[in-house]
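Report on the following structure.
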Amino acid sequence: MTDTEESPPQRVEDLQEEAQQHVVDGEGMRVLTREAVKAGLTTLKGQRIHEHFPAYLQLRKLAVASSSLTDLRPEWKEVSDLLWMPGGPPTKPHYRPFSSVNRKDETGYWYNRNLAGSYAPKSMRATSAFMLNSNGDGYELPVDHAQQALERLLKGEQVPAWAIAAYYLRNYGFVFDGDGGYDELISAFKDEFGFEKGTDFDVLFKDEEPTQLPGDWFEPFPGVTDQSN
C-alpha cells in the first residue's frame, strides 16, 4: 500500500461546489480514466457473473451496516444509480456487465428500469435463493453467504477486484495526496461497499493489479485544475 492520504469517494454529481473548494486548497479532485473503466467492463464481461451479483453485494452491504443478516430491506435505487448509464435503448437505462450466459449481442447487457422486479424474492430462483428467508418472501443472508455467492453466482471464480471497482466507482470523485493508483482504487471500493473488515473480500475478489492497463488509473476531475502553484 502507498502512504497517500485519501478522502472517502463521492459521486461526481455531488462534487461541483466541493471541487471549487479543493481548487482553492490546492487539492485536485480526481476521477477514474475512461481507459480504466473500459478495461474493467471488458474484464467483467469476459467472466461468468450472475445477473443477481449486484443484488447480493447490496444485501451484504446492508447487512454489514445494520449488523444483522436477517430482515434486510434494500433500497434498490442505490443499485440503479450504480448501473445507470447513458447511451442505451430508451427503455433500458441500466448497464449490467454481468451475465451467467454467453452473450454475443451487446444489447443483452442493457436492462430495463424495473430493477426492483428483477431482484424481487419471486425472481430469486434456485441459484439466488440463498439470499431469501425460509419463507422465500424476504431477504436474509446465511452465515456463509460469501462462500455461497462465490459458488452460485460466480461459479467458483473470484472477480478481479479492480475491474468491479473501476465500473462501480466510475461516477465517483476522489481526493488523494498524489495521483492515486491501484491501491487507492481498491481501498475506496472496500470503504464504499463495507469490505474493510472480515474475510468476505478475499472470498469474492482477486486482489491482483493487472499487468497491463492502457494509461493511468485516475485523471483530474474535468474543469478542475490545481491552481496552488
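Both backbone and side-chain heavy atoms feed into the values below; hydrogens, waters and symmetry mates do not. The chain is numbered in sequence order, starting from 1. Note that the structure is predicted; figures quoted are calculated from it, not measured.
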In the structure I gave you, are the side-chain heavy atoms of [X] and [Y] within less than 4.5 Å of one another anywhere?
{"X": "Met85", "Y": "Arg170", "answer": "yes"}
{"X": "Glu157", "Y": "Arg48", "answer": "no"}
{"X": "Glu35", "Y": "Trp217", "answer": "no"}
{"X": "Leu115", "Y": "His94", "answer": "yes"}
{"X": "Val31", "Y": "Glu219", "answer": "yes"}
{"X": "Phe221", "Y": "Val175", "answer": "no"}
{"X": "Lys206", "Y": "Val159", "answer": "no"}

Exercise. Hey, which of Thr199, Ile164, Leu154 is the one that makes side chain to side chain contact (heavy atoms under 4.5 Å, CB included) with Leu204?
Worked result: Leu154

Assess the side chains of [X] and [Y]: does a donor N or O sit below 3.5 Å from an acceptor N or O?
{"X": "Ser100", "Y": "Glu51", "answer": "yes"}
{"X": "Ser68", "Y": "Thr70", "answer": "yes"}
{"X": "Tyr119", "Y": "Asn114", "answer": "no"}

Nearest-0.5 Å distance, [atom1] of residue [X] to [atom2] of residue [Y]:
{"X": "His52", "Y": "Arg125", "atom1": "NE2", "atom2": "CZ", "answer": "8.5 Å"}
{"X": "Arg152", "Y": "His145", "atom1": "CZ", "atom2": "NE2", "answer": "14.0 Å"}
{"X": "Leu150", "Y": "Asp144", "atom1": "CG", "atom2": "CG", "answer": "11.0 Å"}
{"X": "Glu151", "Y": "Phe130", "atom1": "CD", "atom2": "CZ", "answer": "9.5 Å"}
{"X": "Leu72", "Y": "Gln58", "atom1": "CG", "atom2": "CD", "answer": "10.5 Å"}
{"X": "Leu82", "Y": "Arg96", "atom1": "CG", "atom2": "CZ", "answer": "13.5 Å"}

For this session: Determine the interplanar angle of the Phe53 and Tyr56 rings, folded into 0 to 90°, and report it as parallel if under 30°, tilted if 30 to 60°, perpendicular if over 60°.
Result: parallel

For this session: Could you label the plane-to-plane angle of the Tyr109 and Tyr95 rings as parallel, tilted or perpendicular, counting under 30° as parallel and over 60° as perpendicular?
Result: tilted

Compute the centroid of each ring, for [X] and then for [Y], and state whether the two points are separated by less than 6.0 Å.
{"X": "His50", "Y": "Phe98", "answer": "no"}
{"X": "Tyr168", "Y": "Trp162", "answer": "no"}
{"X": "Phe218", "Y": "Phe174", "answer": "yes"}
{"X": "Phe193", "Y": "Phe195", "answer": "no"}

What do you reckon, is [atom1] of [X] surrounded by more than 12 foreign heavy atoms closer than 6.0 Å?
{"X": "Glu75", "atom1": "CD", "answer": "no"}
{"X": "Lys38", "atom1": "NZ", "answer": "no"}
{"X": "Lys45", "atom1": "NZ", "answer": "yes"}

Exercise. Is there a path from Val64 to Leu62 through hydrophobic residues (I, L, V, M, F, W, Y) whose side chains come within less than 4.5 Å of each other?
Worked result: no

Problem set entry | Verify same cluster id: Val143, Leu57 (apolar side-chain graph, 4.5 Å) | yes

Quick check: closest heavy atoms across [X] and [Y], and the distance to 0.1 Å?
{"X": "Leu132", "Y": "Pro121", "result": "CD1-O, 3.7 Å"}
{"X": "Asn112", "Y": "Pro93", "result": "C-CD, 3.9 Å"}
{"X": "Ala166", "Y": "Leu32", "result": "O-CD1, 3.5 Å"}
{"X": "Tyr139", "Y": "Ala120", "result": "OH-CA, 3.4 Å"}
{"X": "Leu69", "Y": "Ala63", "result": "CD2-CB, 4.0 Å"}
{"X": "Leu213", "Y": "Ala36", "result": "CD1-CA, 4.3 Å"}

Exercise. Is the closest basic N to carboxylate O distance between Glu184 and Arg30 below 4.0 Å?
Worked result: no

Problem set entry | Presence of salt bridge, Arg103 and Asp105, under 4.0 angstrom | no

For this session: Any chance you could lay out the side-chain contact (heavy atoms from CB on, under 4.5 Å) test for Gln148 and Met131, step after step, and finish with the verdict?
Result: CA-CA 9 Å; Gln148 290 206 42; Met131 295 186 276; over 6 Å; no

For this session: Determine, step by step, whether Leu153 and Ser128 satisfy the side-chain contact (heavy atoms from CB on, under 4.5 Å) criterion, reporting the C-alpha distance in whole Å, the side-chain angles of both residues, the deciding distance to 0.1 Å, and the verdict.
Result: CA-CA 7 Å; Leu153 304 181; Ser128 307; 3.9 Å; yes

Exercise. Backbone N or O of Trp76 within a donor-acceptor pair of the Ser80 side chain at under 3.5 Å?
Worked result: no

For this session: Without swapping roles, check the side chain of Glu140 against the backbone of Asn133 for a donor-acceptor pair under 3.5 Å.
Result: no

Problem set entry | Worked check of side-chain contact (heavy atoms from CB on, under 4.5 Å) between Phe205 and Asp200 | CA-CA 8 Å; Phe205 301 107; Asp200 290 353; over 6 Å; no

